[in-house]
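Just so it is clear: chains get the letters A, B, ... in the order the sequence lines come, proteins before strands, and each one is counted from 1. We use all heavy atoms of the structure for the numbers below, so side chains are in, but hydrogens, waters and symmetry mates are not.
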Amino acid sequence: MALTGVSAAVGRVLRREKPQKPLLNTRPETSITHQILDQLEHGNISKAVSLLFPSLEPVSYWLYERLLRSCSSKSLVVQARKVVSHLVTFSPLPPIFLLNRAIETYGRIGCVHDARELFEQMPERDGGSWNALITACVKNELHEEVFRNFVRMNRDGIRGTETSFAGVLKSCGFVLDLRLLRQLHCSVVKYGYSGNLDLETSFVDVYGKCKVMSDARRVFDEMGRPSDVSWNVIVRRYLEMGLNEEAVLMFFKMLELNVRPLNHTVSSVVLACSRSQALEVGMVIHAIAVKLKFLPDTIVSTSVFDMYVKCGRLENARRVFDQTECKDLKFWTSAMSGYAMNGITRDARELFDLMPERNIISWNAMLGGYVRANEWDEALDFLTLMRKEMEGIDNVTLVWILNVCSGVSDVQMGKQAHGFIYRHGYDANVIVANALLDMYGKCGTFGSANALFRQMSELRDEVSWNALLTGLARVGRSEQALSFFEGMQLEAKPSKYTLATLLAGCANIPALSLGKATHGFLIRNGYDVDVVIRGAMVDMYSKCKCFDYAIHVFEEAAAGTRDLMLWNSMIRGCYRNGRSKEVFELFMLMEDEGVKPDHVTFMGILRACIREGHVELGFQYFSSMSSKYFILPQVEHYDCMVELYCKYGCLHQLEEFLLLMPFDPPIQMLTRVYDASKKYGWGKLGEWAAKKLHE
DNA sequence: GTAGGGTTAG
């Protein structure tokens with residue numbers, strides 16, 4: 001094996017022995033050099049390397065270096081080993097710098113093992129050898145090993161250079177060790193490297209990753225002339241901390257100082273706008289991007305497109321799409337999934353069908369769009385198509401498939417998927433396993449969920465607990481859910497998802513004091529009360545008949561942050577707490593805030609009409625559903641109307657209404673019609689209902 | 001420093 005060959009040869013070098021094979025006296029044929037260079041120029045690395053072997057003496061050092069540099073991907077492991085093997089076999093004393101290059105090469109192509117072995121066997125090392133090893137470990141994300149080698153290096157009396165610090169800092173950015181970061185910062189200052197722009201940028205980056213933006217900003221402000229990369233880093237870190245305004249401010253500051261932003265920076269700042277729904281600023285930045293000629297860039301146009309979709313400006317998004325000249329696969333996929341993930345499945349599908357090529361990501365994104373939009377029939381059809389046209393699915397596909405199973409409540413299909421997952425080893429993936437838990441929970445097969453949860457033991461995380469908890473709360477086993485919550489706290493930190501679930505559990509029992517306790521827990525522990533948590537609280541208080549608290553929680557939300565679900569919760573709450581009159585007022589306020597109603601909203605309104613005896617108004621709202629809001633009334637809306645007419649004896653309207661109904665009336669509706677006809681003496685209608693019931 | 005798909009909540 002090449003590897004053992006290398007170790008033997010390196011060992012020999014270590015003992016300073018003469019190589020066993022006598023060296024020929026002639027200079028290496030220059031024609032070999034030419035041939036090798038020629039092959040390298042044509043990208044035939046394997047061929048180039050094989051040309052090395054007829055020669056039993058070393059080629060020039062610079063040629064070894066060229067060859068090593070050409071080994072740039074994982075598939076060239078064998079070639080790299082051959083080059084190193086040739087070097088150490090035929091060179092009596094390979095220079096340290098070349099061995100360092102070899103270590104770097106091994107690191108670059110993912111063979112840390114070889115890098116380590118070569119390093120350990122080197123008779124002499126310089127600072128560069130240490131740096132090469134450290135860089136190799138950083139590249140392969142062996143962060144603990146990076147730190148160990150850094151310590152070893154210092155112990156051996158080799159002082160870290162800027163390169164060593166750059167490597168260690170990068171690893172620090174992975175493990176997010178703030179204490180280590182501060183120590184490194186001190187050392188860098190002490191060694192006088194603080195003027196190094198790359199190191200300073202790295203500090204900004206890692207302080208930001210450790211979520212200490214104040215220090216990140218201080219380092220940034222102390223930099224003499226931040227480079228475009230430094231600006232990119234600070235903008236990115238603000239974005240990732242959710243400090244969207246800061247990100248935007250920094251971007252404008254950068255423009256003021258006449259630094260040309262990088263495409264990634266423009267993209268980050270557009271993303272900041274779309275996350276904070278700051279459409280107007282976003283459009284300004286779009287204009288700036290156009291002026292700076294950024295738009296042919298797919299990274300920038302992707303984020304601009306996404307911003308318009310997220311802010312509901314579909315025409316603008318479409319224009320960006322059409323104007324992007326060189327659409328690559330990523331751009332197509334991003335645009336398509338932008339539509340898909342925002343519920344605009346029709347446009348997503350249109351793009352999907354137009355795509356010049358597709359990969360697993362595009363297929364998954366489209367499928368995910370259908371799932372998110374609860375379009376189960378489309379999802380199932382799409383899966384059939386996918387099975388025909390795609391070979392091979394991955395873990396992401398499986399997650400969506402499991403969502404489809406719970407969406408159509410098909411445990412059988414879910415179990416089949418489980419079998420597939422088990423056979424292909426996907427059960428070791430915690431996200432897939434959690435999706436399985438979720439599916440079993442939602443299909444109400446609690447035994448399977450429980451068994452899987454126990455089986456997961458080591459694998460399970462906070463999401464697994466939440467998925468199981470949700471399953472329990474959903475079927476009303478709230479006491480059990482609460483005792484689960486206790487157990488969970490021994491193992492994982494409850495997230496906002498947990499708390500929302502718990503609140504829903506309290507709402508179902510209903511248990512006001514526990515609900516209040518959860519509310520308190522949430523405030524005391526500084527959880528962010530987002531729109532979902534707020535909705536859960538409104539729901540809990542209103543189900544616990546503590547509606548004034550619900551109103552209070554609702555009113556605490558800033559105008560514009562209240563979404564459809566939250567309004568629906570309030571409307572349901574009014575109705576549930578005998579305050580139906582207020583439903584109509586809420587509906588108007590909701591429209592004023594620009595929130596569009598859905599079929600749930602109309603259920604609340606129609607029920608309120610029943611309560612309040614607004615027969616005519618009820619019909620107006622019912623008709624407005626399709627005429628004004630483009631919502632197709634469902635059976636339950638028709639049912640409400642029938643109840644409204646029956647309850648207030650408007651059998652004339654009822655008769656007309658039934659004639660126009662586009663489907664066969666279900667049993668409970670017919671019973672209601674029959675009873676009302678009897679009560680109000682409408683014989684003919686009663687007979688019709690009875691006949692239908694008989695069928 | 002680096003844009004694309006996935007798990008849990010009302």
Counting side-chain heavy atoms from CB outward, which of [options] is closest to [X]?
{"X": "A:Ile360", "options": "B:dG10, B:dG5, B:dT8", "result": "B:dG5"}
{"X": "A:Val463", "options": "B:dT7, B:dG10, B:dT2", "result": "B:dT7"}
{"X": "A:Val396", "options": "B:dT7, B:dT8, B:dG5", "result": "B:dG5"}
{"X": "A:Lys330", "options": "B:dA3, B:dG5, B:dT7", "result": "B:dA3"}
{"X": "A:Met341", "options": "B:dG5, B:dT7, B:dT8", "result": "B:dG5"}
{"X": "A:Lys442", "options": "B:dA3, B:dG4, B:dT8", "result": "B:dT8"}
{"X": "A:His264", "options": "B:dT7, B:dT2, B:dG4", "result": "B:dT2"}
{"X": "A:Met565", "options": "B:dG4, B:dG10, B:dG1", "result": "B:dG10"}
{"X": "A:Asn403", "options": "B:dT8, B:dG4, B:dA3", "result": "B:dT8"}
{"X": "A:Ser267", "options": "B:dG6, B:dT8, B:dA3", "result": "B:dA3"}

When we call it a touch if two heavy atoms are under 4.0 Å apart, what does [X] touch: a base, just sugar-phosphate, or nothing?
{"X": "A:Asn395", "value": "base"}
{"X": "A:Ser337", "value": "sugar-phosphate"}
{"X": "A:Asp563", "value": "base"}
{"X": "A:Leu566", "value": "base"}
{"X": "A:Leu437", "value": "nothing"}
{"X": "A:Val531", "value": "base"}
{"X": "A:Asp461", "value": "nothing"}
{"X": "A:Asp205", "value": "sugar-phosphate"}
{"X": "A:Ser202", "value": "nothing"}
{"X": "A:Val532", "value": "base"}
{"X": "A:Arg562", "value": "nothing"}
{"X": "A:Trp363", "value": "nothing"}
{"X": "A:Ser569", "value": "nothing"}
{"X": "A:Lys170", "value": "sugar-phosphate"}

Nearest whole angstrom, please: distance from the [atom2] of [N] to the [atom1] of [X].
{"X": "A:Asp438", "N": "B:dG6", "atom1": "CG", "atom2": "C1'", "value": "12 Å"}
{"X": "A:Asn429", "N": "B:dG6", "atom1": "CG", "atom2": "C1'", "value": "9 Å"}
{"X": "A:Tyr527", "N": "B:dA9", "atom1": "OH", "atom2": "C1'", "value": "13 Å"}
{"X": "A:Leu452", "N": "B:dT7", "atom1": "CG", "atom2": "P", "value": "17 Å"}
{"X": "A:Glu240", "N": "B:dG1", "atom1": "CD", "atom2": "C1'", "value": "11 Å"}
{"X": "A:Asn466", "N": "B:dT8", "atom1": "CG", "atom2": "P", "value": "10 Å"}
{"X": "A:Met366", "N": "B:dG5", "atom1": "CE", "atom2": "P", "value": "14 Å"}
{"X": "A:Ile299", "N": "B:dG4", "atom1": "CD1", "atom2": "P", "value": "10 Å"}

Is there a side-chain contact between [X] and the phosphate of [N], meaning an N or O under 4.0 Å from OP1 or OP2?
{"X": "A:Lys496", "N": "B:dG10", "value": "no"}
{"X": "A:Arg534", "N": "B:dA9", "value": "no"}
{"X": "A:Arg460", "N": "B:dT7", "value": "no"}

**Prompt:** Does a donor on one side chain and an acceptor on the other come within less than 3.5 Å for A:Asn434 and A:Asn466?
**Reply:**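 Per modelled atom types, A:Asn434 and A:Asn466 side chains form no pair under 3.5 Å.
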
**Asked** Do the charged groups of A:Asp530 and A:Lys496 touch, with an N to O distance under 4.0 Å?
**Response**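 Between A:Lys496 and A:Asp530 there is a salt bridge, with a charged N closer than 4.0 Å to a carboxylate O.
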
**Item:** Sidechain N-carboxylate O distance under 4.0 Å for A:Arg319, A:Asp322
**Value:**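 Salt bridge between A:Arg319 and A:Asp322, a charged N being under 4.0 Å from a carboxylate O: no.
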
**Message:** Suppose we call a contact any N or O donor and acceptor under 3.5 Å apart; does that hold for the side chain of A:Asp394 and the base of B:dG5?
**Reply:**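 It does, because a donor-acceptor pair links the side chain of A:Asp394 to the base of B:dG5 below 3.5 Å.
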
**Asked** Do the two ring centres, one from A:Phe305 and one from A:Tyr339, sit under 6.0 Å apart?
**Response**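 That pair passes the under 6.0 Å test.
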
**cation_pi(A:Arg534, A:Phe554) dist<6.0 Å, angle<=45** =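 Cation-pi check for A:Arg534 and A:Phe554: fails.
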
**Message:** When you measure from the centre of the six-membered ring of A:Phe321, is the NZ or CZ of A:Lys327 closer than 6.0 Å and no more than 45° off the axis?
**Reply:**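 Yes, a cation-pi geometry holds between A:Lys327 and A:Phe321.
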
**Prompt:** Any side-chain heavy-atom pair from A:Phe521 and A:Leu502 closer than 4.5 angstrom?
**Reply:**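 Side-chain contact under 4.5 Å: no.
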
**Prompt:** Just wondering, more than 12 heavy atoms not from A:Arg346 lying within 6.0 Å of its CZ?
**Reply:**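 No.
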
